[in-house]
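Here's the structure we're looking at; comments come further down.
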Amino acid sequence: MSIWEVVAILFAGVGAGAINAVVGSGTLITFPTLVAFGFPPVTATMTNAVGLVAGGVSGTWGYRRELAGQWPRLKWQIPASLVGAIVGSWLLLHLPEKAFETIVPVLLVLALLLVVLQTRIQRWTAKRMVASPDDPNDTFLGPKRTGLLTGSTFLVGIYGGYFTAAQGILLMGAMGVIVNDKIQRLNAAKNLLSLLVNVVAALAYTIVAFDRINWAAAGLIALGSLLGGVIGAKYCRKLSPTALRAVIVIVGIIGLWRLLA
């Protein structure tokens with residue numbers, strides 16, 4: 001890699017780590033960056049998943065206080081995310097690369113639309129977040145809502161194991177519809193569950209396809225995202241969501257153009 005590519009990938013990692021901690025679509029920074037520099041899509045996905053684990057750790061740690069009291073939900077969501085990630089990773093490793101190259105532009109467009117519509121999703125979600133007097137954090141969901149929450153988390157886990165972009169937004173949308181809780185607490189759960197999906201995917205790719213990962217790029221993304229996760233959890237909550245979304249959409253469009261070209 002040239003010096004320019006090293007710097008660009010490092011800074012993309014910082015941006016992705018920060019955005020993942022706050023929004024949940026940092027892959028739309030790093031993945032298109034790798035693709036723009038000529039990385040094959042599957043290699044870019046694997047390299048990106050490995051690199052972003054570090055940022056997921058720092059972002060989750062930064063939101064650790066908001067995780068308090070969420071175990072009644074997480075004890076169902078964590079296994080669902082892990083199993084879903086295994087299924088998604090298996091699909092990536094076993095489906096033909098041509099299929100991935102065909103599916104990814106569609107997923108990328110879907111992810112970008114989710115980023116653009118995020119404000120509306122959050123407003124719609126916020127309307128449903130009316131805590132009950134008996135349980136302010138709505139930790140008891142009942143069998144029906146627990147099943148819906150577990151099932152939706154499993155499906156997002158499959159998506160995340162196959163293509164990580166915007167899985168956080170999908171999780172936030174699903175949890176917001178089912179659970180009555182504060183957005184920052186849901187965001188903390190989103191960070192943890194997304195991290196678990198990335199860890200499973202990264203382990204699967206490392207074990208099965210070690211030689212297909214660009215470890216230099218993964219190291220740069222890991223270093224950048226580790227710092228970015230700290231920055232995002234501490235400072236980026238104050239930044240304009242519109243500015244963050246604009247950056248994500250612009251970089252995503254560049255990556256989409258590069259994929260289609």
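As the structure is a computational prediction, the values presented were derived from the model and not from experiment.
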When hydrophobic residues are tied together by side-chain contacts of less than 4.5 Å, even through go-betweens, does F31 share a cluster with F11?
no
Within the 6.0 Å centroid threshold, strictly below: F210 and W215:
yes
In Å, rounded to the nearest 0.5 Å, how long is the span from CG of L67 to CZ of R73?
10.0 Å
To the nearest 0.5 Å, tell me how far L220 CG sits from T33 OG1.
12.0 Å
Taking atom CD1 of I158 and atom CH2 of W90, what is their separation to the nearest 0.5 Å?
12.0 Å
Under the 3.5 angstrom rule, does the side chain of T47 hit a backbone N or O of N214 as a donor-acceptor pair?
yes
So, the side chain of R212 versus the backbone of V42: is there a donor-acceptor pair under 3.5 Å, distance only?
no
Rounding to 0.5 Å, atoms CD1 (I9) and CG (L223) come to a distance of 12.5 Å
Could you go step by step and tell me if Y63 and L192 meet the side chain to side chain contact (heavy atoms under 4.5 Å, CB included) rule?
CA-CA 9 Å; Y63 270 86; L192 174 61; over 6 Å; no
May I ask you to check whether N48 and T30 show a side-chain donor-acceptor distance below 3.5 Å?
yes
Please check this pair: side chain of R145 against backbone of I178, looking for a donor-acceptor N/O pair closer than 3.5 Å.
yes
Any idea which heavy atoms bring A189 and Q70 closest together, and the distance?
CB-OE1, 3.5 Å
Any idea which heavy atoms bring E66 and A188 closest together, and the distance?
CB-CB, 3.5 Å
Which pair of non-hydrogen atoms, one from A21 and one from K190, has the smallest distance, and what is that distance?
O-NZ, 4.0 Å
Looking at L93 and A209, what are the two nearest heavy atoms and their distance?
CD2-CB, 4.0 Å
Nearest 0.5 angstrom please: I78 CD1 to T153 OG1, how far?
10.5 Å
Heavy-atom nearest pair, F39 first then A44, reads CB-CB, 4.2 Å
Hey, what do you get for CD1 (I29) to OG (S225), rounding to the nearest 0.5 Å?
13.0 Å
Could you give me the CA-CA distance, side-chain angles and deciding distance for Y162 and L95, then say whether side chain to side chain contact (heavy atoms under 4.5 Å, CB included) is met?
CA-CA 10 Å; Y162 187 77; L95 289 179; 4.1 Å; yes
Going by the side-chain contact (heavy atoms from CB on, under 4.5 Å) test, name the single residue among T150, L82, L149 that passes it with Q77.
L149
Side chain to side chain contact (heavy atoms under 4.5 Å, CB included) between I221 and L34: does it pass, once the steps are laid out?
CA-CA 10 Å; I221 292 173; L34 294 176; 3.9 Å; yes
Are I86 and V208 grouped together when hydrophobic residues (ILVMFWY) are joined by side-chain heavy atoms under 4.5 angstrom apart?
yes
Mind listing the side-chain donor-acceptor pairs of residues 50-60 below 3.5 Å, one per line with the distance, residues two or more places apart or on another chain?
unit_1 : atom_1 : unit_2 : atom_2 : d
S58    : OG     : G55    : O      : 3.1
S58    : OG     : L226   : O      : 3.0
T60    : OG1    : G56    : O      : 2.7
T60    : OG1    : N191   : O      : 3.3

Could you please spell out the steps behind the side chain to side chain contact (heavy atoms under 4.5 Å, CB included) verdict for I213 and T43?
CA-CA 6 Å; I213 298 169; T43 297; over 6 Å; no
Enumerate, atom names and distances included, each donor-acceptor pair closer than 3.5 Å involving a side-chain atom of residues 195-205, sequence neighbours excluded.
unit_1 : atom_1 : unit_2 : atom_2 : d
Y205   : OH     : G161   : O      : 2.5

With a 4.5 Å limit on heavy-atom distance, are the side chains of M46 and L92 in contact?
yes
Is L74 reachable from W76 through a run of hydrophobic residues whose side-chain heavy atoms are each under 4.5 Å from the next?
no
Between V14 and W61, is there shared hydrophobic-cluster membership here, with clusters defined by ILVMFWY side-chain heavy atoms closer than 4.5 Å?
no
Geometric class of the Y159/F163 ring pair [parallel <30°, tilted 30-60°, perpendicular >60°]:
perpendicular
